[in-house]
Amino acid sequence: MSDLKSKLASQLQPSAAGDDAPKKAAFTKAGRTHPRRITLDLTEADYDVLHEAAHEHRTTKAQLLRALLELAATDPKVMAKAAKVAARSTTR
């Protein structure tokens with residue numbers, strides 16, 4: 001878990017160019033100019049985890065979810081772990 005925390009923290013650090021904004025996801029489709037919107041139903045416990053993590057890392061919940069998506073998209077081990085968790089959680 002600490003490895004994931006360190007990867008997440010590195011994703012949320014300002015870029016080397018001195019930009020204070022967190023890094024943007026590198027997996028956007030070419031030519032797409034507007035974001036996709038989704039609705040995500042979370043349990044109260046999952047929402048609390050997301051909220052606390054965003055607060056702890058001084059970011060928004062949306063930026064945190066985007067960083068987690070980028071980690072999953074760029075690290076096959078993270079994606080495999082996420083797929084296993086998703087397969088187990090049929091009630092969500």
Side-chain angles (χ1 to χ4, degrees):
M1 183 72 172
S2 64
D3 185 46
L4 181 59
K5 276 183 108 172
S6 64
K7 284 183 180 180
L8 177 60
S10 71
Q11 291 295 319
L12 297 175
Q13 293 300 316
S15 70
D19 186 4
D20 287 337
K23 296 177 186 175
K24 291 196 175 214
F27 54 89
T28 56
K29 284 188 173 181
R32 185 155 180 83
T33 59
H34 60 280
R36 298 265 186 186
R37 295 206 180 268
I38 64 166
T39 300
L40 181 63
D41 295 324
L42 298 174
T43 64
E44 193 69 27
D46 288 344
Y47 179 83
D48 289 343
V49 168
L50 180 61
H51 181 78
E52 290 298 320
H55 179 73
E56 179 182 338
H57 294 282
R58 295 177 172 224
T59 188
T60 66
K61 291 180 275 297
Q63 288 172 322
L64 183 60
L65 288 171
R66 287 184 194 106
L68 290 168
L69 284 171
E70 183 171 352
L71 285 173
T74 58
D75 187 337
K77 289 180 182 179
V78 173
M79 185 61 80
K81 278 184 171 182
K84 284 181 183 178
V85 171
R88 287 194 318 248
S89 59
T90 58
T91 60
R92 292 184 184 170

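These figures come from a predicted structure and were not determined experimentally.
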When rounded to the nearest 0.5 angstrom, what distance separates CG in Leu40 from CG in Leu50?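 Between atom CG of Leu40 and atom CG of Leu50 there are 8.5 Å.
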
Can you measure from NE2 (His51) to CG (Leu42) and round to the nearest 0.5 angstrom? 13.0 Å

Just to verify, what does Ala62 make a side chain to side chain contact (heavy atoms under 4.5 Å, CB included) with, not counting sequence neighbours? Thr60, Arg66

ILVMFWY network linking Tyr47 to Leu64, side-chain heavy atoms under 4.5 angstrom: yes

Treating Ile, Leu, Val, Met, Phe, Trp and Tyr as nodes and any side-chain heavy-atom pair under 4.5 angstrom as an edge, say whether Leu69 and Met79 lie in one connected cluster.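 No, Leu69 does not connect to Met79 through the hydrophobic network.
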
Could you pull out all residues at least two apart from His55 that satisfy side chain to side chain donor-acceptor pair (under 3.5 Å)? none

